[in-house]
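A quick write-up on the structure given underneath.
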2 protein chains.
Amino acid sequence: MPPPPASRSRKAQLIDRTATALFRARGFAATSMRELATELGLEAGSLYSHIKSKEEILHRVCFGLAEEFFAGFGAATADAAAPLAAQLRQAIEAHVRVLTRDSAASAVFLHEWRHLSEPARTEFLALRDRYEAGFRELIRRGIAAGELHAPDAAFAALTLLASLNWLPAWYRPEGKLTPNEIAHRLAEQLMRGLAAGAA
Amino acid sequence: MPPPPASRSRKAQLIDRTATALFRARGFAATSMRELATELGLEAGSLYSHIKSKEEILHRVCFGLAEEFFAGFGAATADAAAPLAAQLRQAIEAHVRVLTRDSAASAVFLHEWRHLSEPARTEFLALRDRYEAGFRELIRRGIAAGELHAPDAAFAALTLLASLNWLPAWYRPEGKLTPNEIAHRLAEQLMRGLAAGAA
DNA sequence: TCTCATTGCTAACACTCGTTAGCAGGCCTA
DNA sequence: TAGGCCTGCTAACGAGTGTTAGCAATGAGA
């Protein structure tokens, strides 16, 4: 007896993963269901035994990844007594780990959410805003506590996340840096820019 | 008698600008010629009195902006005798000025080039690589000269451009910061992260 | 052995896509 | 006044879109 099946069947998960790779490579709108089916060795109509619609896949990818980002941030800031700079560093590394664990899904999360139709699109943007606000608050409090330095917390949060979110554009799993090394280096360099007491 | 017309007619330029805004908002693949025509108060077929194809517009936007970026970088590094940190700062500000002068075209340049068909796509990527290499070299030489500090020049160039290129995602022309103020702040913050002699 | 759900197929529907052909009216120039 | 370009229209082309209906084969559980 196999282990109790995940909430979604193996096949459905495979469809999601393959679709994600295509969405990343060609974009959501430019990816056809027939292309996706061919990639899976199926006919287009057969996909609909497993999924409800094309957009449903995009929805699952975008909101699934949002959940992962929030989980990482939550873990990084769980110890509210820790120094804010340390919490921020952990949050950065957690963010990078999600990005590297599934860079295709991350790229879709970052660029293809525009093709969600309402109300999912608005919902998604609210989630994203909330996540960014988490970083902004961390930096703001870090500055107030004298642990960090930046002329504008919102500005700093924006450029920080920007640096991180470019990662799926160049990250290659087979590259010579491991995800952990990348996370560490990125955190190191970005924390340097925010360190208190620089010239 | 009006001044000698630009190489492209006023109308053709208007089509390009309107198309760019749509490409940015909906993506190239999801923007239809009929939508574009409606936006201009025309019928779809009428567009073809002014343009050759949908992709031709994308081509013009992508390569036109590439030219602007190179021009800015060239001007910023024209004085080879200037300190490398100063050259880098100027290059950053030039980059930001191009991004803010036409943020719609910039967004298209950054995200929609994938829909160029070969050989334009490969050509475009070569240009982009060459531009990134310019920044990389500037940073590399700055480190060698002791003016800058970073564990890895390529890494630093990547995150630097990433921070800048996120700008079209949040920049609003009617915001309270002027393009020059944004350029200055961004340069300030990013140069801080690369300053020599930090802890 | 008889269900019954699963999985996939074929064929088709109702559009939408980018693009072209052919034509009409307006305007400048000769 | 005649000719010709410029601009825009309508209508249509062939191809491709996401999705659905209906059916066949399979394999597991009663």
Side-chain angles (χ1 to χ4, degrees), chain A residues 1-23 25-62 108 112 114-118 120-121, chain B residues 1-23 25-62 108 112 114-118 120-121:
Chain A
M1 185 183 293
S7 56
R8 295 180 53 70
S9 73
R10 291 272 185 283
K11 191 81 185 196
Q13 288 179 269
L14 178 60
I15 291 177
D16 282 8
R17 288 218 348 268
T18 309
T20 301
L22 283 175
F23 291 169
R26 312 200 200 302
F28 176 79
T31 301
S32 79
M33 297 305 273
R34 284 165 179 84
E35 238 179 321
L36 171 57
T38 301
E39 195 84 2
L40 289 158
L42 296 179
E43 293 302 313
S46 311
L47 292 168
Y48 290 82
S49 299
H50 305 279
I51 61 162
K52 268 172 38 194
S53 71
K54 184 187 181 187
E55 182 172 341
E56 185 214 25
I57 305 179
L58 179 63
H59 188 282
R60 222 173 3 250
V61 173
C62 288
V108 171
E112 306 298 329
R114 305 185 282 148
H115 297 103
L116 290 169
S117 52
E118 298 296 350
R121 186 187 152 115
Chain B
M1 184 183 294
S7 56
R8 293 181 54 70
S9 73
R10 292 273 185 281
K11 191 83 187 194
Q13 287 178 270
L14 177 60
I15 291 178
D16 282 8
R17 289 217 349 267
T18 310
T20 301
L22 284 175
F23 291 169
R26 313 200 200 304
F28 176 79
T31 301
S32 78
M33 296 306 273
R34 284 166 179 83
E35 238 181 319
L36 171 57
T38 301
E39 194 85 4
L40 289 158
L42 297 179
E43 293 302 315
S46 311
L47 292 169
Y48 290 83
S49 300
H50 305 278
I51 61 162
K52 269 171 39 193
S53 72
K54 185 186 181 187
E55 183 173 338
E56 185 214 26
I57 304 179
L58 179 63
H59 188 283
R60 219 171 8 247
V61 173
C62 288
V108 171
E112 304 299 329
R114 306 185 281 150
H115 298 102
L116 291 169
S117 52
E118 297 297 350
R121 188 186 151 117

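Lettering follows sequence order; numbering is per chain, from 1. Quick caveat: nothing in here was measured; it's all calculated off a predicted structure.
- Regarding B:Leu42, its CG atom lies at a distance of 16 Å from the P atom of C:dT19, rounded to whole Å.
- The two residues A:Glu118 and A:Arg121 make their nearest non-hydrogen contact at OE2-CD, 3.6 Å.
- For A:Glu43, the side-chain atoms get nearest to C:dC9 when compared with the rest of C:dG18, D:dC9, C:dC9.
- Residue side chain A:Arg34 does not reach the base of D:dG16 through any donor-acceptor N/O pair under 3.5 Å, judged by distance alone.
- The interatomic distance linking B:Leu58 (CG) with C:dG18 (P) rounds to 13 Å, in whole Å.
- Close to C:dC17, at under 4.0 Å from its OP1 or OP2, lies a side-chain N or O of B:Ser32.
- Between the side chain of A:Ser46 and the backbone N or O of A:Leu42, no donor-acceptor pair lies under 3.5 Å.
- For C:dG8, its base sits under 3.5 Å from the side chain of A:Ser49 at one donor and acceptor pair at least.
- In this structure, the CD atom of B:Glu35 is 12 Å from the C1' atom of C:dT16, given to the nearest Å.
- With C:dT10, D:dG18, C:dG18 as the candidates, the nucleotide lying closest to the side chain of B:Lys54 is C:dG18.
- As rounded to whole Å, 18 Å separates atom C1' of C:dG18 from atom NE2 of B:His59.
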N/O to N/O distances under 3.5 Å, protein versus nucleotides 4-6 of chain D:
none

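- Looking at B:Glu55, its side chain does come within 3.5 Å of a backbone N or O of B:Ser117 through a donor-acceptor pair.
- Under the 4.0 Å criterion applied to side-chain N and carboxylate O atoms, A:Arg26 and A:Glu35 are assigned as salt-bridge partners.
- Note: CG (A:Leu47) to C1' (D:dA21) measures 16 Å, nearest angstrom.
- For the pair A:Gly45 and A:Ala30, nearest-nucleotide mapping onto DNA chain D gives the more 5' position to A:Ala30.
- Atom CG of residue A:Leu47 and atom CE of residue A:Met33 lie 5.0 Å apart, to the nearest 0.5 angstrom.
- Within a 6.0 Å radius of CZ in A:Arg17, other residues, nucleotides and ligands contribute 12 heavy atoms or fewer.
- Counting to the nearest Å, the C1' atom of C:dG8 and the CG atom of A:Leu14 are 15 Å from each other.
- Note: CE (A:Met33) to C1' (D:dA15) measures 19 Å, nearest angstrom.
- Within the 3.5 Å criterion, the main-chain N or O of B:Phe28 finds a donor-acceptor partner in the side chain of B:Lys54.
- In this structure, CD1 of B:Ile15 is placed 11 Å from C1' of D:dT7, rounded to the nearest angstrom.
- Among the nucleotides C:dG8, D:dG8, C:dG18, the one closest to the side chain of A:Ser46 is C:dG8.
- One finds a side-chain N or O of A:Tyr48 lying less than 4.0 angstrom from the OP1 or OP2 phosphate oxygen of D:dT19.
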